[in-house]
Amino acid sequence: MQKLVYIALGTALIAASCNKQITSTKNIEAKDNQTFADLDQARIKHLSLDIETDFKTQQIKGSATYTFENKNAKQLILDTEKLTIDSVLLANGQKTTYQLGEKDSIKGQALIIDVTQKDTIVKVFYKTSPDANALQWLNPQQTHDKKHPFLLSQGQAILTRSWIPIQDTPSVRVTYDAKVKTPKELMALMSAINPKEKSVDGTYTFDMPQPIAPYLIALAVGDVNYQPIDNRTGVYAEPGLLKAAAWEFAEMGKMVTAAEKLYGTYPWEQFDVLVLPPSFPFGGMENPRLTFATPTAIVGDRSMTNLIAHELAHSWSGNLVTNSTWDDFWVNEGFTVYFERRIMEELEGKDYADMISVIGFQDLETSMRNIPEKYTSLKVDMKGANPDDAFSDVPYDKGYLFLKMLEDKYGREKFDPFLKQYFSSHAFQTMTTEKFVDYLKENLTNGDDSFVQEWIYNTGWPKDLKKPTSTLFDLAEAQLKQDIQNGRAKVTPKKIEISTKSTNEWVHFIRQIDPKKNTKGDLAYLDAIYDFTNSKNPEIECAWYEKAFLMHYDKVNTNAKEFLVHVGRRKFLEPLYLALKESNQIELAKDIYKDARPNYHFVARQTIDSMLNYKP
Ligand code: BES
Ligand code: ZN
């Protein structure tokens, strides 16, 4: 391998000395520091899984068969994490030798399989560990209906290797098929062509005919039913939640149509959403054909459906054109946020899109204040780091602002066709930041790259920043002023119906409360009018409990604890534990965390463990 690198480097140098323009990084594959795979030797093309989900031992057991492109390989190197490897066979059924490399705290362990130059098929028999990072094995109490256990996987960014030995890098794409055996009361679903009903014996077969990156291979097993929305969209959820979920997400069909108008034909045929139990660590995960979603988006007024638009947008930005390494993560998320807001503007109008842009901007401000400076640029360097350490709102909302700047500068008449062309001409390929910049210069900016350094490579805020604004939020702010300034001294608070505003407006209203200026009395007054403490809307709960924690308004503590024990969505956990920590209530934080931690997924535990310096 060493030799190959030198040859490639040598060729690049010769080319560079002959012709300056060939210094372009266009065709040099980016190095992914988060994988052991050696793609110069072998590249997996197809994966065939034959597995069983054992809820008793909390293990997945079975085999993975790979068809790979062999480039004079002596070894096929796969990523693994906490896996037990039982045996490895070649196509003829003969065992081959293999070894597990040294453990790396971020990458896990390399599985190095000896092959010959003629081999193109390898089969690995393996088992997962009961604490596989990707997997969450939930007991019935942790589900909505509380009757059956549930299993879910979360692959992004580098967790797939903890349930499938694989070349776990987004620069690899595989098609896959799978046979999954589950307890027969449960349905198995994957990021593939899915069943719509339970099978008789708990055996399910899957096919994913389009090549996808390994972080998008996903599995869920639970007591769920399906409700179609239209002929290509629908919702899976536990029986007791299905009706509410299907109502909340009833616009999915229209979303796909709106998205197609902007980016071209939906490339994955089916777009379904699976609503998971509340401990799912993310709002949503764009697993192809089957978005995984948090039940906390079901707020009863359809106001959080931008989450679905977001995951749908990944069908193009992320799943079709994929960040080449996690250093280019903004290429997935920045485009997706931009596109999410365009879809929502189409469906709900500009006022709605403006609101979510302002919320996103506020989150970006928080990230820019709190994360290490080196992670405040769009393109980052994560050598030796865990991609999750760099996770913040920067790739999302700074990425959005960059694309919005381009939209404003060149106009939608140019920008929209540019985007459409970008996605169709790079479909099923990977994208580096540099390749995108080259494409941008050639196809939109006429060679101008004066803004590239500032927006993509520099840390901190760019100079020509345009802050998003929202007229509905201005009204919400005026309302808060009126409530607190005029109301408090003179009138007894009168309870009012909270449904006069949408969720985002209430979130903004609450976010305007200033712990330095407002008092606990102000909180009590607002609570008497709006009853925020007893809200059942997770967005409102999170915003309100955060202020309450910061201002020691202890009336929320019982409900806030119940919320933190029940919900595992990291976006809610982070600000709440941080508020406790910053208001000198670390003991309370740890006390809650002790009870809540068993309900959290590995990625959420990792974040909160390190925030609270918690040693399990
Ligand atoms: N792909 C992300 C979730 C993710 C990112 C998981 C990185 C693991 C590593 C997903 O599309 C996402 O961004 N979800 C957001 C949705 C929101 C922006 C509407 C979330 O979970 O909050
Ligand atoms: Zn996303």
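Whatever order the structure lists ligands and atoms in, that order sets their numbers, starting from 1. Only this structure's heavy atoms are used, side chains among them; waters, hydrogens and symmetry mates stay out.
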Residue set satisfying side-chain contact (heavy atoms from CB on, under 4.5 Å) with Q512, at least two apart, ordered chain then number -> Q362, E477, L480, H508
Would you say the ring centers of F563 and W544 fall short of 6.0 Å from each other? no
Under a 4.5 Å cut-off applied to non-hydrogen side-chain atoms, are Y375 and M382 in contact? yes
Neighbour list for ligand 1 [protein residues, heavy atom under 4.0 Å]: Q154, Q156, F282, G283, G284, M285, E286, L307, H310, E311, H314, F329, E333, F391, Y396, R569
Listed partners of T257 passing side-chain contact (heavy atoms from CB on, under 4.5 Å), at least two apart: R232
Think K467 forms a cation-pi with F361, using NZ or CZ under 6.0 Å from the six-ring centre and within 45 degrees of its axis? no
Please find out if the Zn ion (ligand 2) and some N, O or S atom of E333 are separated by less than 2.8 Å. yes
With sequence neighbours left out, which residue pairs that include part of residues 391-401 fulfil the salt bridge (Lys or Arg N to Asp or Glu O under 4.0 Å) condition? R341-D397
